[in-house]
Amino acid sequence: MTDLVILGESMVEFSQIDPGLFQQSYAGDVHSVAVYFKRLAGSKSRSRLMTAVGHDGASNGLITALEQEDVDTSLVFRHPSRQLGLYMVNNDASGERSFSYWRSDSAAREVMPLFREATQVVGDGGYQPCGLAPRPDMFFFSGISLAVLNPETRPAFWDFLEAQHNAGTRIVFDPNYRPKLWRSTKETRAEYARAFEYAHLALPGIEDLQVLYGVNDFTDACDFLERFDIEELVIKDGPNGVCYRGPREHFVEPITPVERVVDTTAAGDSFNGAYLAYRSQGLSPKAAIARAAKISALVIQHKGALIQPDIFQQALIKLEPVEQ
Ligand code: ADP
């Protein structure tokens, strides 16, 4: 059994079906990681999303959607006045998608003070400044999780991360860079440097590293990340393969490109959730990467971040087994 806590933001999504007609769901990078991890890690594992929502119907809807996926909501805190962030996906006449966001005042930005308040009140044996009970095996956060935290609350986040790290929780970080969420690249680099320092496992995409640090390929990326002393690196590069560098091995796993990509939303997030799930089940890094790549290949052949559970289960049965 693996207990994974995932910090970040899930939003209301409105996706255009026809002009003026939108389908509503809930989405976010960590939402996808939480769901795919839970779907693949087995019933004994736990996936806890740590976030904040409001008291409104949309927030209740998110909690219900998470519960339907068996994602644990005990770390979803309620903000007294804020609500969920929201985004719209519009399609123009040629099928090109564009995204509009309303997330700058979302409840999730205040998750750290809400967490502190909650643990002060309900902590076992009184005040617990930044502990998670029970201590999770793994803690996952992304560059988006970091970016959306109200900057004034980031010191509380770093204290919290340090406490998790010292308690023996495995820290997992995906830089998932979204320039619009940051005030400057200087700020991003400073925050990411701290994140890489704490990470036992980093799951970056090469494109993010290219934009932020000018690295061009797997070799450059490994050389650049060497300075942070990260135990395991899993570097993604779309259909061009996945590079693994760990204490005992270093290899590039080739990817079979998908012939007809429908929607690349959640390619990296489903890969992350699947990789963590398969490693937690004892698969080797190589086998876990091969299998996770099949999951993201499946995801990008469907519209949206989350494949419907029944369709996903049927597709899983058809995936060839991989060697352990
Ligand atoms: P991100 O969404 O973080 O940018 P990538 O684009 O690197 O991540 O994709 C994540 C994973 O999705 C890849 O490692 C690969 O396994 C899979 N993937 C992405 N694009 C393709 C593709 N065209 N064909 C097959 N697999 C793909």
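Atoms within a ligand are numbered from 1 in the order they appear, just like the ligands themselves. All values reported here derive from a predicted model rather than from experimental measurement.
- Ranked by closest heavy atom to atom 24 (N) of ligand 1, the top entry among Asp237, Val261, Leu298, Val258 is Val258.
- A distance of 6.0 Å separates CG of Leu84 from CG of Asp56, quoted to the nearest 0.5 Å.
- Counting only heavy atoms from C-beta outward, the side chains of Tyr198 and Phe139 never approach each other to under 4.5 Å.
- Among all non-hydrogen protein atoms, the one lying nearest atom 26 (N) of ligand 1 is Ile255 CG2, 3.6 Å.
- Distance remark: protein heavy atom not present below 4.0 angstrom from atom 4 (O) of ligand 1.
- Using a 4.0 Å cut-off between heavy atoms, Asp208 makes no contact with ligand 1 at all.
- Checking Ser32, Gly238, Pro175 against atom 15 (C) of ligand 1, the nearest heavy atom belongs to Gly238.
- Side-chain atoms of Thr185 and Thr188 form no donor-acceptor pair, as typed in the model, at a separation below 3.5 Å.
- Distances from ligand 1 to the non-hydrogen atoms of Gly205 include no value under 4.0 Å.
- Not a single heavy atom of Thr264 sits under 4.0 Å from any atom of ligand 1.
- Side-chain contact between Arg78 and Asn60 is present, with heavy atoms from C-beta onward closer than 4.5 Å.
- Here the heavy atom of the protein found nearest to atom 11 (C) of ligand 1 is Ser296 OG, 3.8 Å.
- Atoms of ligand 1 found under 4.0 Å from any heavy atom of Lys236 (numbered from 1 in listed order, with element): 7 (O), 14 (O).
- Between Phe157 and Phe141, the distance from one ring center to the other falls under 6.0 angstrom.
- Defined by atom type and a distance below 3.5 Å, a donor-acceptor pair is present between the side-chain atoms of Glu13 and Ser25.
- Remark: Gln24 CD is packed, more than 12 non-hydrogen atoms of other residues, nucleotides or ligands lying under 6.0 Å away.
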Intermediate values then yes/no, side-chain contact (heavy atoms from CB on, under 4.5 Å), Gln16 and Met88
CA-CA 8 Å; Gln16 189 179 345; Met88 275 171 95; over 6 Å; no

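- Taking a cut-off of under 4.0 Å to the non-hydrogen atoms of Ala293, the atoms of ligand 1 that pass are 16 (O).
- A 4.5 Å side-chain heavy-atom check between Arg194 and Leu146 finds every atom pair outside the cut-off.
- Residue Gly268 approaches ligand 1 through these ligand atoms, each under 4.0 Å from one of its heavy atoms: 1 (P), 2 (O), 3 (O), 8 (O), 10 (C).
- The protein heavy atom nearest to atom 21 (C) of ligand 1 is Ile300 CD1, 3.4 Å.
- Of all the atoms in ligand 1, the ones that sit under 4.0 Å from a non-hydrogen atom of Pro239 are 20 (N), 21 (C), 22 (C), 23 (N), 24 (N).
- Residue Thr256 approaches ligand 1 through these ligand atoms, each under 4.0 Å from one of its heavy atoms: 25 (C).
- At the shortest separation from atom 14 (O) of ligand 1 among protein heavy atoms lies Val242 CG2, 3.5 Å.
- Tyr87 belongs to a hydrophobic cluster whose remaining members, ordered by chain and number, are Met11, Val89, Phe99, Tyr101; membership requires side-chain heavy atoms of ILVMFWY residues under 4.5 Å apart, directly or through intermediates.
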